[in-house]
2 protein chains.
Amino acid sequence: MMIDWSRLSRDYPILDGLPATLRERVVERSVTAGERLALQGETPTGMYFVLAGEVRLLRRSSSGRETVMQRVQEGFVAEASLDAPCYHCDLIAGASGKVLVFPRCDFEAALTESREFNQAWIVHLSGELRRARSRNERLACPTAAERIRHAILTEGDGRGLVVGSTRKEWAAELGLTHEALYRALRRLRETGAIHEDGGWIEWLAD
Amino acid sequence: MMIDWSRLSRDYPILDGLPATLRERVVERSVTAGERLALQGETPTGMYFVLAGEVRLLRRSSSGRETVMQRVQEGFVAEASLDAPCYHCDLIAGASGKVLVFPRCDFEAALTESREFNQAWIVHLSGELRRARSRNERLACPTAAERIRHAILTEGDGRGLVVGSTRKEWAAELGLTHEALYRALRRLRETGAIHEDGGWIEWLAD
DNA sequence: ACCACCGAGTGATCCAGATCATATGAAATT
DNA sequence: AATTTCATATGATCTGGATCACTCGGTGGT
């Protein structure tokens, strides 16, 4: 089955600059919910690009805690693994779908050979870094309401955002229990600070 | 005054691959504690490398909260600003010292011209991204003790770490009030979970 | 069609951390 | 030398979130 590069290039500028040599080496793969693409400690052999479904980058600490470090419905996952001798996290499919797998050595070769691709990758990494730092800021907020406000205002378009996951998963991402999230959302709704409509949440007051 | 490139290259591999053209354009600058190197919203004009003292990347939210996103005693600060139209954070000197300023356009040019430097920059960005994600994980820990444990085990060498800042600043970095940190540290000390010796903190029990 | 599972949502209780207050000693400023 | 400032440290109190417990409704599997 052929990969629709024209659509992908349109939606993902970074794939537009993909060298032809790398494009030839990529393989499409189906993943089923719960499937483990990679485990903590393994040597990365490829770079994954999620086309459909969901892939999560999650870390299991020795104390048993599980933290989702990244959750991707479309785009690259575990970008920083490229320069790591082994995965620091597990790569788990959260929902069935499709991924592109770029062989690691070909990906690295493409980065050294193509200026354009290289540039695009730096921009991509920088963006991810900003996003991760933004999430740090969010998690440093002491109250649930502040974390919710931060999420709405810094993700999304400034007015509101579409939460692309279940409330329960969103709660974990915000470093809250689901109960705390439900209650905080209700309080904010009742005081008129937010407006909820399905997955869409808008920040009104301040 | 001349810059001691041989020492810098030894200590910072990334500077080793620095193209000569960029090396010629860099300027050394003294900063005094509290000095603002850049403010949120400004267009980045240079990339900063801290030689001595401390520079902080901090974000002021509209609610008045201040969060330190990055704290650098030696190394690059605000790496992700290179690909941003404007700073998302302030750059403030936390302690007097010296910084190298690489003019933005020259830095960008060097990245496109030098493969070696480019590669090193990608490695650097990936490392920062992993560090930021690790901090995400830490801040998602619900208790002070768990955050402390995480910090000790993931920063530092695995047994312990040297906290390179005041307790108060460390508390903020851990998303805690300083009171909560002092109390948690005392509890851990009294139960024999950690051993403190000045700036050195070691994790003993589990 | 049935059952098991899971997310949504709420109540009750408890505890950890935020907040406020205050003391002390060291360092920086005058 | 005197004064201000700030980090360290601890106590008292309060509150927000964790935890436990439960209901309800949808959905996927058998």
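Hydrogens, waters and symmetry mates play no part in the numbers below; they use all other heavy atoms, side chains included. All chains are named by letter (A, B, ...) in the order of the sequence lines, taking the proteins before the strands, and each is independently numbered beginning at 1.
Atom C1' of nucleotide C:dG17 and atom CD of B:Glu146 are separated by 14 Å, given to the nearest angstrom. Distance A:His178 NE2 to D:dG16 P: 20 Å, rounded to the nearest Å. Taking atom CG on B:Leu181 and atom C1' on C:dG17, their separation rounds to 12 Å, with Å as the unit. A:Glu169 has its CD atom 13 Å from the C1' atom of C:dA8, to the nearest Å. Rounded to an integer number of Å, the gap from A:Tyr182 OH to D:dC24 P is 17 Å. Atom CD1 of A:Ile148 and atom P of D:dG17 are 9 Å apart (whole Å). In this structure, A:Ile201 places its CD1 atom 13 Å from C1' of C:dA8, rounding to the nearest Å. Across the protein-nucleic acid pair, A:Leu176 atom CG and C:dG17 atom P stand 15 Å apart, rounded to whole Å.
Heavy atoms of A:Arg187 sit under 4.0 angstrom from primed sugar atoms or phosphate atoms, though from no base atom. When heavy atoms are screened at a 4.0 angstrom cut-off, B:Thr143 is found touching the sugar-phosphate backbone but no base atom. Within 4.0 Å (heavy atoms only), A:Arg186 reaches sugar-phosphate atoms of the nucleic acid but no base atom. Note on A:Ala144: only backbone sugar-phosphate atoms sit closer than 4.0 angstrom, heavy atoms only; bases stay farther off.
For B:Glu179, the side-chain atoms get nearest to C:dC20 when compared with the rest of C:dG9, D:dT8, C:dC20. When the nucleotides C:dA18, D:dT8, C:dT10 are ranked by their closest atom to the side chain of B:Ala180, C:dA18 comes out on top. Checking D:dA21, C:dG17, D:dT10 against every side-chain atom of B:Arg183, the shortest atom distance belongs to D:dT10.
Counting heavy atoms from C-beta outward, B:Phe49 and B:Phe102 have side chains that approach closer than 4.5 Å.
Every residue two or more places apart in sequence or in another chain was checked for a side chain to side chain donor-acceptor pair (under 3.5 Å) with B:Gln40, and none qualifies. By the side chain to side chain donor-acceptor pair (under 3.5 Å) test, A:Asp16 pairs with no residue at all, sequence neighbours left out.
Salt bridge status for A:Arg167 with A:Glu196: present, with a side-chain N to carboxylate O gap under 4.0 Å.
Between A:Lys168 and A:Pro142, the residue anchored nearer the 5' end of DNA chain C, judged by the nucleotide with its closest heavy atom, is A:Lys168.
Residues A:Phe117 and A:Phe107 place their aromatic rings such that the two centres sit under 6.0 Å apart.
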